[in-house]
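Input: a single structure, listed below in structure tokens.
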Amino acid sequence: MAKEVSNPDEPVVIGEELGHTRLITLNRPRHLNVISSKVVSLLAEYLEKWEKDEQAKLILIKGAGRAFSAGGDLKMFYEGRKSRDSCLEVVYRMYWLCYHIHTYKKTQVALVQGISMGGGASLMVPMKFSVVTEKTVFATPEASIGFHVDCGFSYMLSHLPGHLGEYLALTGARLNGKELVAAGLATHFVPLERLPELEKRLISLNSGDENAVKATIEEFSLHVQLDEDSILNKQQIIDECFSMDTVADIIKSFEAEASKGGNEWIGPVLKGLKRSSPTGLKITLRSIREGRNQTLPESLKKEFRLTMNILRTTISSDVYEGIRAVTIEKDNAPKWDPPVLDQVDDEKIDLVFQPFEKDLELKVPELEQCRWDGKYENSAYAK
């Protein structure tokens with residue numbers, strides 16, 4: 001990842017107050033607006049302030065440059081690998097923030113012009129309105145580097161039709177703007193060239209009335225027609241294969257489908273699946289399956305445990321090897337430990353899912369009047 005010169009005059013998140021509209025711009029364009037500790041802190045600060053501000057009615061969020069957000073800052077995690085829990089604070093704050101984004105009290109619109117991946121997409125999918133374009137690219141590729149789908153995605157993906165969630169989580173497959181709308185992960189498709197005009201109209205609307213906001217977006221949006229080769233047209237095969245009980249059975253079933261005529265698309269997907277971290281795949285499948293029967297708070301608490309146990313290398317150091325291979329040295333030749341699925345002990349997988357002591361769990365507010373409680377600085381970790 002290229003070094004970015006720090007400029008105090010260019011904050012990583014810009015918050016603007018425009019009448020009754022509030023505009024957030026993720027402002028690390030050279031880094032594809034990846035989410036750092038400072039980004040999380042500023043987002044939480046703005047969102048809490050504006051939810052409590054009676055003058056704030058509509059919240060818009062966009063990314064500077066060609067990306068919305070490429071997700072978590074992997075270099076930050078890698079650089080903290082030798083210092084225990086160096087990233088605990090940012091992880092805690094991010095999951096706490098995810099809950100508040102999902103349950104936010106003001107109308108939110110995400111204007112998503114480019115890459116929206118992993119944790120970055122957690123600033124898009126939960127919004128009341130999420131506008132995508134022909135340049136939007138979505139993916140949750142975490143399992144491939146020895147991590148897991150996080151920031152609420154074990155909950156969101158598990159609630160997609162059939163077993164599409166397992167497919168997206170395990171393969172890291174990309175969806176374009178049209179597919180995001182069709183899958184229910186975005187609400188509207190607007191041509192990129194019209195996005196700046198839509199932004200201006202929403203700002204001038206000066207209202208958070210959902211019907212008015214929706215009507216304004218729909219003046220710009222187009223009806224979505226899926227391309228013939230869209231993965232969403234392969235739902236029957238996906239459901240048949242990705243409903244299997246284990247990762248090994250999923251791969252075996254997928255291989256069988258690949259040998260049939262007309263299924264040439266499966267080959268490259270299968271190749272990527274087999275190159276992914278076996279530990280990451282097993283953790284991710286279990287997390288998605290659990291997410292189907294969990295509430296959002298339960299899923300976020302689980303994901304917090306998983307993330308901390310993975311970063312602590314409780315059962316494997318695959319996440320750091322994956323980041324090294326993809327982002328640091330970029331040799332794309334990770335050496336997984338263990339290297340194959342049948343060597344990943346299910347009892348070890350159980351370890352990363354175990355609840356923490358009560359005061360060490362992520363604090364998700366249970367009462368409305370206390371919904372902004374549970375911050376990191378008031379947790380046991382900060383003492």
Side-chain angles (χ1 to χ4, degrees), residues 21-26 33 43 47 50-51 57-63 67-69 71 98-140 151-153 155-162 164-165 168 173-227 230-233 235 296:
T21 302
R22 303 292 180 262
L23 174 62
I24 290 174
T25 303
L26 303 173
N33 299 321
L43 284 172
L47 290 175
W50 292 338
E51 185 177 283
K57 307 294 184 183
L58 175 65
I59 314 297
L60 308 180
I61 182 168
K62 66 176 184 176
F68 179 70
S69 174
C98 285
Y99 173 77
H100 290 84
I101 289 173
H102 275 266
T103 59
Y104 205 65
K105 303 303 182 185
K106 305 286 178 77
T107 305
Q108 301 177 93
V109 181
L111 302 172
V112 186
Q113 80 281 26
I115 295 169
S116 181
M117 294 188 178
S122 71
L123 306 176
M124 171 190 81
V125 177
M127 302 300 184
K128 183 67 180 180
F129 301 105
S130 45
V131 179
V132 294
T133 77
E134 69 275 17
K135 294 293 186 180
T136 304
V137 179
F138 164 89
T140 50
C151 294
F153 273 104
Y155 177 81
M156 291 182 276
L157 293 183
S158 69
H159 287 76
L160 292 178
L164 179 62
L168 295 174
R174 297 184 172 194
L175 297 182
N176 61 34
K178 292 179 182 179
E179 290 169 328
L180 284 167
V181 173
L185 291 167
T187 61
H188 295 83
F189 179 90
V190 171
L192 180 62
E193 64 181 12
R194 301 204 69 195
L195 206 60
E197 186 183 352
L198 171 60
E199 180 185 329
K200 291 177 182 177
R201 283 284 302 278
L202 289 170
I203 291 171
S204 64
L205 186 64
N206 210 29
S207 168
D209 180 80
E210 287 185 10
N211 291 328
V213 172
K214 182 179 180 183
T216 301
I217 297 172
E218 288 180 346
E219 288 181 36
F220 293 80
S221 66
L222 301 179
H223 176 70
V224 166
Q225 182 94 30
L226 287 176
D227 297 332
S230 169
I231 191 64
L232 299 186
N233 292 325
Q235 185 83 38
L296 173 66

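Numbers here simply count residues along the sequence, with the first being 1. Predicted model, so just to flag it, every value in this text is computed and none were measured.
- Of all non-hydrogen atoms in Leu23 and Trp50, the two that sit nearest each other are O-CH2, 4.2 Å.
- A 4.5 Å side-chain heavy-atom check between Leu58 and Gln108 finds every atom pair outside the cut-off.
- More than 12 heavy-atom neighbours from other residues, nucleotides or ligands sit within 6.0 angstrom of NZ on Lys106.
- Side-chain contact between Glu134 and Phe189: present, with at least one pair of heavy atoms (C-beta onward) separated by less than 4.5 Å.
- Not a single donor-acceptor pair under 3.5 Å links the side chain of Glu210 to the backbone N or O of Thr107.
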With side-chain contact (heavy atoms from CB on, under 4.5 Å) as the test, would you mind laying out the steps for Val109 and Ile59 before giving the verdict? CA-CA 6 Å; Val109 181; Ile59 314 297; over 6 Å; no
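- For the pair His188 and Phe129, the tightest heavy-atom approach, listed with the atom from each and the gap, is CE1-CD2, 3.8 Å.
- Between the Tyr104 side chain and the Tyr99 main chain, no donor and acceptor come within less than 3.5 Å of each other.
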Walk me through whether Leu198 and Leu111 qualify under side-chain contact (heavy atoms from CB on, under 4.5 Å). CA-CA 9 Å; Leu198 171 60; Leu111 302 172; 4.2 Å; yes
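- A distance of 5.0 Å separates CZ in Arg194 from CZ in Phe220, rounded to the nearest 0.5 Å.
- In this structure, Tyr155 and His102 have perpendicular ring planes: the angle between them is above 60°, well past the 30° mark.
- Between Ile115 atom CD1 and Ser69 atom OG the span is 9.5 Å, to the nearest 0.5 Å.
- In this structure, Asn176 CG and Asp227 CG are separated by 6.5 Å, a value rounded to the nearest 0.5 Å.
- The shortest non-hydrogen separation linking Val132 to Gly177 is CG2-O, 3.4 Å.
- The line from CG of Leu164 to CG of Leu232 is 6.0 Å long, rounded to the nearest 0.5 Å.
- Using modelled atom types, one finds no donor on one side chain facing an acceptor on the other under 3.5 Å when comparing Thr133 with Gln113.
- Looking at Ser130, its side chain never comes within 3.5 Å of a backbone N or O of Val125 through a donor-acceptor pair.
- Other residues, nucleotides and ligands place no more than 12 heavy atoms under 6.0 Å from the CZ atom of Arg174.
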Yes or no on side-chain contact (heavy atoms from CB on, under 4.5 Å) for Leu180 and Met124, after CA distance, side-chain angles and deciding distance? CA-CA 11 Å; Leu180 284 167; Met124 171 190 81; 4.2 Å; yes
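- For the residue pair Phe153 and Ala121, the shortest heavy atom distance occurs at CZ-CB, 3.5 Å.
- The backbone N or O of Thr216 lies less than 3.5 Å from no partner atom in the side chain of Glu219, so there is not a single donor-acceptor pair.
- Of all the heavy atoms in Ser221 and Val190, the pair that sits closest is CA-CG2, 3.7 Å.
- Contact record, Ser207 with Lys57: C-CB, 4.1 Å, taken as the closest heavy-atom pair.
- Atom CD1 of residue Ile217 and atom OG1 of residue Thr187 lie 5.5 Å apart, to the nearest 0.5 angstrom.
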Evaluate Ser230 against Asn233 for side-chain contact (heavy atoms from CB on, under 4.5 Å), listing each step before the verdict. CA-CA 6 Å; Ser230 169; Asn233 292 325; 3.9 Å; yes
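- Using a distance-only test at 3.5 Å, with no hydrogens or angles considered, a donor-acceptor pair links the side chain of Thr136 to the main chain of Val112.
- To the nearest 0.5 Å, the span separating NE2 on His159 from CG on Leu296 amounts to 9.5 Å.
- Here the side chains of Ile101 and Leu43 are not in contact, with every heavy-atom distance at 4.5 Å or above.
- Under a 3.5 Å cut-off, the side chain of Asn33 and the backbone N or O of Ala67 do form a donor-acceptor pair.
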